[in-house]
Amino acid sequence: MGRAEGKTVIVTGAARGMGRAIGHRLVEEGANVIFADMNAEGANEAAAAAAEVGPGQATGMPVDVRNREQTKALVDEAVSKWGRLDVMFNNAGVNKPEKFLETTEENWQFIMDVNALGVMLGMQEAIKQMLKQDKVNGIRGKIINTGSIVGRDGMDPNVAPYSVSKFGVFALTQMGAREFSGEGITVNSFAPGVVATELWEVLDGQLVDLGIGEKKGDPMRMFSENILMGRVATPDDITGTTTFLASSESDYMTGQTLMIDGGMVLD
Ligand SMILES: NC(=O)c1ccc[n+]([C@@H]2O[C@H](COP(=O)([O-])OP(=O)(O)OC[C@H]3O[C@@H](n4cnc5c(N)ncnc54)[C@H](O)[C@@H]3O)[C@@H](O)[C@H]2O)c1
């Protein structure tokens with residue numbers, strides 16, 4: 001039996017990168033998963049690839065996590081397809097580095113809207129549904145938010161809005177846990193360090209443009225020098241922990257953030 005057998009899961013930002021890997025692994029572990037993303041084509045493609053492997057089912061759906069109606073539609077779709085929503089991964093996120101003194105209001109607003117407001121809306125719409133559901137072994141549902149090492153330590157002044165948004169994700173995680181754990185809804189987050197995804201691919205080039213390193217690859221190498229495990233992560237390094245968080249094995253955990261960073265920020 002899979003570790004997430006029969007659970008209904010939504011993953012946002014699932015067209016590629018970590019979200020796609022998180023969803024794929026959960027389908028392999030028996031969950032039925034909605035792969036949701038602004039990139040509708042990518043979401044459908046990721047879902048089709050997972051469904052082909054099974055044993056869980058998968059479907060793609062477009063969503064802009066900044067939009068409440070679209071987020072609610074995601075939750076409604078999960079319930080109409082599979083009867084309830086067990087796990088909501090608020091994973092979609094964006095970044096665009098700027099020097100601290102040159103950080104614009106526009107960039108601040110864009111990043112905060114996706115990374116902080118998007119998580120708030122995802123929590124609200126998922127929790128409203130979860131509150132209507134029966135408990136299974138004391139649990140009505142689980143919220144899992146994607147944080148970052150820079151949400152624990154303001155280590156990089158070139159990503160101020162991103163860092164603030166991820167500190168915000170941890171605040172939302174703690175507040176959600178305080179408000180809803182008594183109702184059988186757990187709220188946790190995980191914090192990746194440096195993961196080789198398209199996000200970092202783009203970020204790397206943007207950091208070079210800001211004068212961090214001389215050529216592409218330098219910023220990632222510089223950021224990775226202090227990883228105790230001696231290498232950056234791949235999305236597959238993340239999915240063991242995210243599957244644990246989605247599974248019943250983590251039922252007694254709430255309000256926590258698990259660092260999956262190969263040893264960068266030590267608790
Ligand atoms: N890659 C890293 O090193 C790293 C480190 C720490 C945290 N994170 C976080 O992990 C999460 C996933 O990152 P990734 O590296 O897989 O990124 P990625 O850029 O590869 O994938 C992000 C996905 O989110 C989608 N997306 C963006 N804005 C959206 C919106 N408004 N609504 C719906 N979907 C939207 C994109 O289309 C994309 O498919 C993000 O929250 C990111 O901040 C990444």
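Along the sequence shown, residues are numbered consecutively beginning with 1. Whatever order the structure lists them in is the order used to number ligands and atoms, beginning at 1.
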Proximal candidate to [atom] [heavy atom criterion; set [options]]:
atom: atom 44 (C) of ligand 1; options: Met18, Glu201, Arg66, Met38; result: Met18
atom: atom 25 (C) of ligand 1; options: Val114, Ile22, Asp37; result: Asp37
atom: atom 8 (N) of ligand 1; options: Tyr162, Phe223, Trp200; result: Tyr162

Q: Decide yes or no for Asp156 and Phe223: does some side-chain heavy atom of the first lie under 4.5 Å from some side-chain heavy atom of the second?
A: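 Counting from C-beta outward, Asp156 and Phe223 do come under 4.5 Å.
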Q. With a 4.5 Å limit on heavy-atom distance, are the side chains of Asp218 and Lys216 in contact?
A.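 A side-chain contact is absent here, since even the closest heavy-atom pair is not under 4.5 Å.
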Looking only at protein heavy atoms, which one is nearest to [atom], and how far off is it?
atom: atom 35 (C) of ligand 1; value: Ala92 CB, 3.7 Å
atom: atom 10 (O) of ligand 1; value: Thr146 CG2, 3.2 Å
atom: atom 19 (O) of ligand 1; value: Arg16 NH2, 2.8 Å
atom: atom 6 (C) of ligand 1; value: Pro192 O, 3.5 Å
atom: atom 24 (O) of ligand 1; value: Gly13 CA, 3.4 Å

Within ligand 1, which atoms have a heavy atom of [X] less than 4.0 Å away?
X: Val195; result: 1 (N), 2 (C), 3 (O)
X: Gly193; result: 3 (O), 5 (C), 6 (C)
X: Gly93; result: 40 (C), 41 (O)
X: Asn91; result: 11 (C), 12 (C), 40 (C), 41 (O)
X: Val94; result: 27 (C), 28 (N)
X: Val194; result: 3 (O)
X: Thr197; result: 1 (N), 14 (P), 15 (O), 16 (O), 20 (O)
X: Val63; result: 32 (N), 33 (C)

Check for me whether [X] has a heavy atom closer than 4.0 Å to any atom of ligand 1.
X: Ala36; answer: no
X: Gly147; answer: yes
X: Lys166; answer: yes
X: Thr12; answer: no

Salt bridge flag under 4.0 Å for residues [X] and [Y]:
X: Glu183; Y: Lys135; result: no
X: Lys128; Y: Glu125; result: yes
X: Glu5; Y: Arg3; result: no
X: Arg16; Y: Glu198; result: yes

Q: Indicate yes or no for a side-chain donor-acceptor contact from Ser163 to the backbone of Val159 under 3.5 Å, with no hydrogens or angles considered.
A: no
(Q) Treating Glu29 as the side-chain partner and Thr243 as the backbone partner, does any N or O pair qualify as donor plus acceptor under 3.5 Å? (A)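 Checking the backbone N and O of Thr243 against the side chain of Glu29, no donor-acceptor pair under 3.5 Å is found.
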(Q) Taking the cut-offs as 6.0 angstrom to the six-membered ring centre and 45 degrees off its axis, would you call Arg152 and Phe170 a cation-pi pair? (A)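 Pair Arg152/Phe170 counts as cation-pi.
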Q. Taking all non-hydrogen atoms of both residues, which atom of Arg140 and which atom of Arg84 are closest, and how far apart?
A. O-NH2, 3.2 Å
Is it true that [Y] and [X] share a donor-acceptor pair across their side chains at a distance under 3.5 Å?
X: Glu105; Y: Gln109; result: no
X: Thr254; Y: Lys142; result: no
X: Lys7; Y: Ser248; result: yes

Q) Considering distance alone, does some N or O of Asp64 sit under 3.5 Å from an N or O of ligand 1? A) yes
(Q) Can you confirm, on distance only, whether ligand 1 has an N/O atom lying under 3.5 Å from any N/O atom belonging to Val65? (A) yes
